[in-house]
Amino acid sequence: MNFNLIKFNWWVFAAGLLYILPLILSSVDYTDDMGRTVSGYGWGIDGRFISTLIMQILSFNQWISPISPYTQILAAVITCLTGIISVNVIYKKEECVYFLSLILLTSPFYLENLSYKFDSLSMALSILLSVFPLLFIGKGYFIPISVASLTLSLAMYQTSAMVYFSIVLCYFIYRAQELSFSEFVKVSSSAFVSFLLSFLIYSSILKCVAGDVARSEFLSLDGVFINTILFRTHAYYDFYSYLLNSGYSLAFLPFAIVVIYSYFSNLIFGNESIIRRIFLYPLFTLMLLVLTMLPNIVLEEPWYTARTMIAFPFLIFGLSVICVKHAHKLVVFTSIFILYIYGYSISAVYSNVLKDNDKYDDFITTSITEAIISDSESGTNNVIIIGRSEYPQKTRNLYHVYPILYKLAPLYSTQDWSWGVKNLSRYTSLNYVYDARKRQEAYTNLCKNEIIKTTSLYTLRKSNEYYLVDFNKTKC
């Protein structure tokens with residue numbers, strides 16, 4: 001890659017920093033951030049030992065320190081660089097198409113990745129390493145570079161492997177009209193062998209470093225395998241329906257029209273065989289769609305979170321490659337620009353919701369904490385949450401207008417979720433009760449416990465072992 005491209009596309013980085021500005025200003029600890037801020041632990045349980053190493057180096061300590069917003073700023077810059085490289089992989093010297101470089105950063109699902117003060121940097125580096133090998137596609141050292149890059153990528157964020165295959169598919173889409181079967185087989189086999197070798201190397205290192213990591217195990221091939229796959233695939237209906245119902249359908253409509261026009265333009269005026277014109281673009285697009293869901297489909301322990309949709313922007317990027325080949329660039333860029341406007345808009349809305357939710361959580365936490373420390377002389381107390389806290393007055397309507405917020409900005413104070421208790425532990429040490437049997441006993445015997453405090457938002461009860469925060473305000 002010509003490094004002058006980075007200088008030429010300085011505006012991409014400027015736009016990226018503008019995009020992440022609302023998130024930086026919100027300055028909210030996002031789920032795992034709450035635990036890492038207090039305990040300084042890494043990602044050993046997740047098999048992401050390079051992520052741990054990077055943050056330890058930046059912290060100059062074994063204890064991982066909160067160095068945000070620099071991690072999030074760097075994550076945005078690296079993601080912009082990944083976008084530029086992705087365009088360069090496909091288009092080489094066509095400078096005008098670098099307008100597409102922001103597709104990755106402005107993906108609505110990617111907002112969750114950027115929200116993590118600790119994780120965002122290693123996630124962004126992992127994506128960069130997944131795209132980087134494609135700069136050398138067709139060269140003799142493509143496989144060794146891919147193996148090295150993917151091994152490091154897997155040790156930072158395993159889901160980024162989907163990005164590697166996604167950018168390969170985008171390359172195939174660009175080459176669709178002149179792609180020979182032998183080239184398809186050669187590139188596909190090289191990519192698959194590279195991933196397989198990197199996965200074996202990563203797994204071997206992981207066993208030495210962290211032993212068996214349950215979260216990296218694959219789904220068992222048993223009698224319910226097919227039903228499990230179908231169920232998990234259907235679970236993604238919520239992700240896409242929530243996004244489309246959040247105004248994205250209107251933003252996406254012009255682009256969808258250009259995509260349909262491009263497909264039929266190729267179908268009618270293309271020079272390749274009719275079979276290729278009918279099936280090749282839809283096949284590659286379907287494969288890109290599957291890659292957005294694949295991690296949670298094949299892993300034993302799925303995590304249905306927006307951050308795992310890391311391949312989604314490459315679905316949009318792949319479709320844009322089709323459009324650039326068959327439609328006027330100005331029309332394509334205009335439709336993409338509308339998606340960018342939506343991305344900046346949802347970034348601002350989301351960041352404000354995070355900030356307002358955090359203020360509300362702080363208000364609730366202060367009230368509950370004052371009651372507990374007034375009643376208890378212990379420095380550490382066990383807490384069980386019953387029900388779920390209400391949405392703050394300032395944000396509850398926004399959840400209806402933008403349903404995607406249900407996936408991006410969850411309410412922490414929720415029954416049977418450890419992060420709810422962690423969120424309440426801002427000013428004193430509160431422990432989540434991990435024993436499901438004990439929690440169930442507490443729910444059953446709720447009315448037998450003494451009321452310590454009651455408000456219009458919750459009732460606080462006390463048993464011999466726990467404090468019970470009842471957001472249902474159960475009538476006994």
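Counting begins at 1 with the first residue of the sequence.
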Report task. Could you pull out all residues at least two apart from Arg388 that satisfy salt bridge (charged side-chain N to carboxylate O under 4.0 Å, His left out)? Result -> none
Report summary line: Applied to residues 113-137, the salt bridge (Lys or Arg N to Asp or Glu O under 4.0 Å) test, sequence neighbours excluded, yields Asp29-Lys117, Arg36-Asp119, Arg48-Asp119
**Report entry** OH/Tyr41: more than 12 non-hydrogen atoms of other groups inside 6.0 Å
**Finding:** yes
Report summary line: By side chain to side chain donor-acceptor pair (under 3.5 Å), Tyr427 pairs with (sequence neighbours left out) Asp362
Query raised in the report: Residues in salt bridge (charged side-chain N to carboxylate O under 4.0 Å, His left out) with Asp33, at least two apart?
Result: none
Requested in this report: Can you tell me which residue pairs pass the salt bridge (Lys or Arg N to Asp or Glu O under 4.0 Å) test with a partner in residues 305-325, sequence neighbours excluded?
Outcome: Glu112-Arg307
Requested in this report: Go through the structure and list residues passing side chain to side chain donor-acceptor pair (under 3.5 Å) with Ser68, not counting sequence neighbours.
Outcome: Gln72
Query raised in the report: Taking it one step at a time, do Gln158 and Tyr202 satisfy side chain to side chain donor-acceptor pair (under 3.5 Å)?
Result: CA-CA 10 Å; Gln158 299 90 331; Tyr202 163 72; 3.0 Å; yes
Query - Tyr304 atom OH: more than 12 heavy-atom contacts under 6.0 Å - result: yes
Query raised in the report: Can you pull the side chain to side chain donor-acceptor pair (under 3.5 Å) pairs that have at least one residue in residues 398-410, sequence neighbours excluded?
Result: Asn357-Tyr399
Query - Partners meeting side chain to side chain donor-acceptor pair (under 3.5 Å) with Ser166 (sequence neighbours left out) - result: none
Query raised in the report: So which pairs with a foot in residues 158-180 pass salt bridge (Lys or Arg N to Asp or Glu O under 4.0 Å), sequence neighbours left out?
Result: Arg175-Glu178, Arg175-Glu183
Query raised in the report: Can you name the residues that form a salt bridge (charged side-chain N to carboxylate O under 4.0 Å, His left out) with Lys394, not counting sequence neighbours?
Result: Asp356
Query - Asn352: side chain to side chain donor-acceptor pair (under 3.5 Å) partners, not counting sequence neighbours - result: none
Query raised in the report: How about Phe239 and Tyr236: are their ring centroids closer than 6.0 Å?
Result: yes
Query raised in the report: Can you name the salt bridge (charged side-chain N to carboxylate O under 4.0 Å, His left out) partners of Asp238, sequence neighbours left out?
Result: none
Report summary line: Result for ring pair (Phe, Tyr, Trp, His ring centres under 6.0 Å) between Phe165 and one of Phe284, Phe172, Phe192, Phe195 points to Phe195
